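Working notes, beginning with the structure itself.
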Amino acid sequence: MADACLEDYSALGPRVSSYANELLEAPEEEGDFDILNDETFGDIDQEDYDWEQQTEKFAEVLGTGHKHESHNDSGFNTAEKTYRSQEEYMEHSISQLMVDEDDGDPAILRSRPIPRVGARVKVKPQAILKPHDLDSLFGPSSPPSLLDAEHLISPTSKNIWGSPHQNQAPQPTHFDNIQAIFDFAKSANSSDHHLSHHGPHSRAAPMVLPKAQTLEEIESSMLQKPRVLTAEELERQLRGESSLPPSALSSVQNGHRVSMAQYNVPPPPVIGSPQSRAMVPPNPMPGVSPGVPHGVVNGHRSPVFGGPSAMRMSMPRGIAPGTQSVPISMGGSPGKGMIGSPMVGTPPYRNSSTPLSRQSPVFHFTRRSPLLCSPTSPPMGMLPCSPLPIRVPARFHTPLATPNNHVHYIVTPSHGLSQPIGIPLAMRGPPPVGSPFSSPQAGFGSPQGPGVIHPSPQQHRMVFHSSLNDTNMNRNNSNKYQQSSPHMKGQYFNNNNKEKFTGRGDHPSGGGHREHRYYRYPYNQKHEARTEHSPGLQKRDSKGSDPYDGLMTQRDKEWIIKIQLLQLQTDNPLVDDFYYTAWCLRKKAREQGVDGEGRDPRLVIPALARMEHKAYKPAQFEGSLGRLTTSSVHNPRQIIDLLAKSMSEQGGGKSKSNVGKELRKSRQLLMDIEKGYNILLIIEDLETKILALPEDTAYVFYAKPLLEERSNYVDLLFHYLLCDGNSAAFMQYMNVRKGRSLTRRALPLLDKVQSVGIVSLVCKNLQQLMRKDQGDEHVEELFEPCAKVIETCNLATVVMFAEDIQQEESPSTTKPIALALQNKFGSSILCTLLHRGEKIYSSTSPVDLDSSLQNEWCEFVHDFASIVATIPSDSIASPLQTHPDIMEHLGRLLNKRLLAVVEDNLDVFIQPRQS
Amino acid sequence: MLFYSFFKSLVGKDVVVELKNDLSICGTLHSVDQFLNIKLTDISVTDPDKYPHMLSVKNCFIRGSVVRYVQLPPDECDTQLLQDAARKEAAQNKTR
């Protein structure tokens with residue numbers, strides 16, 4: 001099969017074997033090649049088409065913008081910026097990010113070297129583009145195609161990882177440079193274009209695949225007019241004083257200025273500090289301290305992250321996004337909501353992106369509400385990762401903001417809530433009460449235990465540490481900047497941050513580097529997150545917040561549950577869900593019986609019993625060729641025609657096997673009994689249906705056919721199984737326990753004649769039954785229906801029964817009655833018979849009773865009495881039902897003398913059972 | 001759906017679930033689904049010494065495929081009804 005595949009693919013690709021064959025058989029003349037080319041590439045006019053010329057033309061076209069780059073200068077600063085499109089702009093700006101200052105950074109070294117796009121090193125105007133340039137230009141990694149991401153991914157496809165409802169808490173996604181760039185781009189668009197912050201070190205660099213639907217995001221974000229807040233204003237607000245010296249902010253020339261502007265992140269909200277208060281977002285969540293600066297851009301849709309939640313402060317112009325040479329990849333998890341994506345391996349870009357990483361959950365939260373109206377998730381589907389706090393890199397601490405090196409956390413409303421802060425207010429509600437499974441936190445110990453910190457503080461913390469660093473810091477700290485971390489993701493404890501805070505200015509890059517290298521593995525948090533607890537966090541610790549909180553909102557969970565429950569819904573519970581339904585009915589009936597209400601059992605039966613559907617037949621269309629199939633979840637199409645084998649076939653098949661005859665016979669017997677059961681069940685179903693019919697005039701109409709059907713089945717059952725009174729066959733069934741149960745259940749269903757016949761059979765074979773039943777007691781179950789039958793009999797029948805008992809041939813000399821007396825079942829039968837006799841005698845006048853019958857009966861009673869007298873009372877088995885009036889009856893029929901003898905032993909029959 | 005139906009009638013009863021990894025968990029049956037995944041509340045491991053990591057667990061969700069046995073209280077099971085249900089199921093499967 002593999003070979004076949006190879007053959008199939010030989011035309012497509014370099015399969016070794018087929019390729020080898022092709023080589024061997026390749027035509028020697030070029031003419032053949034050309035023919036092949038024509039087939040492949042179409043009818044190109046070979047004479048006119050000069051590919052070399054074509055490529056030169058391309059080179060010119062592409063090279064126009066890069067004429068100045070022969071000196072290894074991207075020309076960004078010097079050349080006039082003529083951006084043909086947003087994409088081109090982005091391409092350029094992103095390329096500027098590839099500043100590799102920290103080549104010593106092992107993480108950067110580890111990462112792939114970034115191919116350069118459009119690098120026109122020593123490009124001659126007429127230079128022919130080399131193939132690799134071509135590739136870089138037109139290949140999948142080239143910026144234009146990157147930017148054409150919309151074609152890579154279906155525009156209609158939503159992010160499958162996204163929640164249907166957008167609301168999560170901010171993801172621990174690292175902020176990546178694309179975001180910065182976009183924001184920057186926006187601000188650039190809206191403000192002046194002195195984007196001269198691209199440092200000299202910036203190089204054009206292609207990006208890795210951007211996120212899905214980048215273009216869409218771009219467009220949508222472009223639609224919004226973000227409010228631009230310069231770094232100046234930010235710092236001003238932070239410090240609550242007049243504007244900073246321009247030098248502090250205008251490090252635009254400095255490519256290393258890692259300004260927050262670049263990340264559109266407002267300075268961290270430091271609780272209690274006046275500066276921090278300025279940082280509170282405009283629409284703080286209740287309880288959030290109003291420390292967020294008003295400069296927060298609202299509704300600034302991050303092209304990278306899940307749209308509406310991206311609230312970033314626009315980058316002030318003139319701030320260079322001079323981050324490290326970080327690939328613009330979104331951390332390698334483009335499509336996913338960055339939830340839990342561990343920061344593996346590429347801290348550099350993480351670093352730069354961190355502060356932005358997620359807009360604070362506060363932002364998210366506030367943003368969410370107005371944007372919740374859109375039912376669909378943001379196209380990007382980059383859901384913020386809810387539970388993970390964003391680590392604030394030390395970088396972002398302004399020297400002013402944290403004079404005492406303490407970061408206080410904003411007390412967020414989520415602090416007291418069981419759900420993470422990321423859940424928007426609309427969704428936020430208590431989980432369903434009572435169920436231990438209603439919320440993931442309830443009832444389940446958090447794996448992190450108390451060590452887990454509620455994500456919010458971290459998020460706040462990080463977000464607002466602005467890159468309002470001093471110019472001093474910028475340079476020195478640019479290293480750390482990158483390293484700062486990606487640890488936002490983890491539920492990171494502020495202790496680490498604190499350490500950073502302390503070393504703000506002087507923090508050795510190595511140390512910071514190491515510290516920040518924190519990946520978001522929840523179990524790490526347990527160890528890391530313990531050391532220092534700020535007072536504000538103490539409470540959160542004890543809450544034992546769960547890193548997996550809020551992965552799904554309540555609505556998500558309900559949605560999933562709904563789907564699952566939908567699969568379980570059934571129209572016909574009595575069929576699909578038979579056991580449970582029947583069990584409930586019986587339970588109710590029992591309860592009602594216990595209560596003594598004696599309600600009509602019919603009422604217990606729910607009105608759900610509907611007619612069973614016919615077996616599904618796929619829809620067939622007239623006059624169509626072939627069988628058109630319509631299939632759905634409930635009616636899957638029939639692929640194979642399977643015929644169920646009937647049991648009789650199986651029975652016939654067995655005869656040829658090596659199974660012994662006896663075994664075969666017994667198995668066949670069992671099969672027959674099963675058939676009987678099936679009939680029984682059908683009858684019971686019919687009865688249920690009949691009973692379920694509404695009691696109205698239509699009742700008769702509907703009931704009739706059902707009743708008929710029922711009686712048919714009953715007859716069938718009787719004839720088939722109970723053999724029309726054939727004693728031997730009957731006994732075969734009765735010997736098997738299953739058969740006895742079947743008889744027991746069938747007996748009430750049979751009509752008078754049939755049931756009498758059965759009881760008669762029973763009586764005739766009483767001894768046998770009793771013998772067989774030595775171990776079991778199941779034959780006693782048979783008693784009840786028999787008794788019921790007897791209760792309705794007339795004297796003749798009773799006499800008949802009595803005779804049947806007596807007529808049975810007993811192997812030993814003891815009389816059948818005697819034998820019967822020794823068995824519970826037997827004695828019960830006898831007792832019942834006598835009782836019935838008494839009833840008859842007492843209810844009917846002697847005139848009506850047939851004298852011959854009476855005589856026979858009398859005889860029977862005498863026999864009975866004599867045996868009772870002779871048998872020691874110990875051996876008499878107490879009947880299941882005792883009837884005191886037997887005494888009376890005996891008195892009626894027996895003479896006093898005999899009665900006296902019998903009296904003692906009759907106690908067994910007379911006294912009510914004391915069980 | 002026979003056993004799903006059956007377990008539904010056992011909700012609220014105490015059962016002991018023995019898993020294929022030989023872990024036995026005793027608890028109150030909270031819920032069951034069509035895959036016979038089981039949720040137990042107030043669980044206790046019958047042999048805590050052997051599986052001490054379950055000591056702190058109060059409720060658990062057990063995937064249906066890992067269950068070997070479910071030990072039930074005998075009073076809660078109506079064998080006759082169960083037999084009937086099984087026969088019905090067999091009959092239905094035969095006709096389908």
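Chain letters run A, B, ... following the sequence lines, proteins first, then strands; residues in each count from 1. Everything quoted here is computed from the prediction, not taken from an experiment.
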Inset, instruction - Evaluate the side-chain contact (heavy atoms from CB on, under 4.5 Å) criterion for residues B:Arg87 and A:Leu680: first the C-alpha distance (whole Å), next the side-chain angles of each, then the deciding distance (0.1 Å), finally the verdict. - result: CA-CA 11 Å; B:Arg87 289 186 182 109; A:Leu680 182 72; over 6 Å; no
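When every heavy atom of B:Lys88 is checked against every heavy atom of A:Phe578, the shortest pair comes out as NZ-CE1, 3.3 Å. Across every non-hydrogen atom of A:Arg745 and B:Gln80, the tightest pair is NH1-CG, 3.4 Å.
For the atom pair B:Asp78 CG and A:Lys587 NZ, the distance stands at 12.5 Å (nearest 0.5 Å). Note: B:Leu81 CG to A:Thr581 OG1 = 9.5 Å, rounded to the nearest 0.5 Å.
With sequence neighbours left out, A:Lys738 forms a salt bridge (charged side-chain N to carboxylate O under 4.0 Å, His left out) with A:Glu674.
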Give the table of side-chain donor-acceptor pairs shorter than 3.5 Å for residues 9-19 of chain B, with sequence neighbours excluded, one pair per line with atom names and distance.
unit_1	atom_1	unit_2	atom_2	d
B:Ser9	OG	B:Phe6	O	2.7
B:Asp14	OD1	B:Thr28	OG1	2.9
B:Glu18	OE2	B:Arg68	NH1	3.1

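With a threshold of 4.5 angstrom between heavy atoms, B:Glu89 does not approach chain A through any atom at all.
In this structure, the side chain of A:Tyr579 does not engage the main chain of B:Met1 through any donor-acceptor pair within 3.5 Å.
Open room surrounds CZ on B:Phe3; 12 or fewer heavy atoms of other groups in view lie less than 6.0 Å from it.
Of the residues considered (A:Asp577, A:Ile682, A:Asp576), A:Asp577 shows the highest number of contacts with chain B, using heavy-atom pairs under 4.5 Å.
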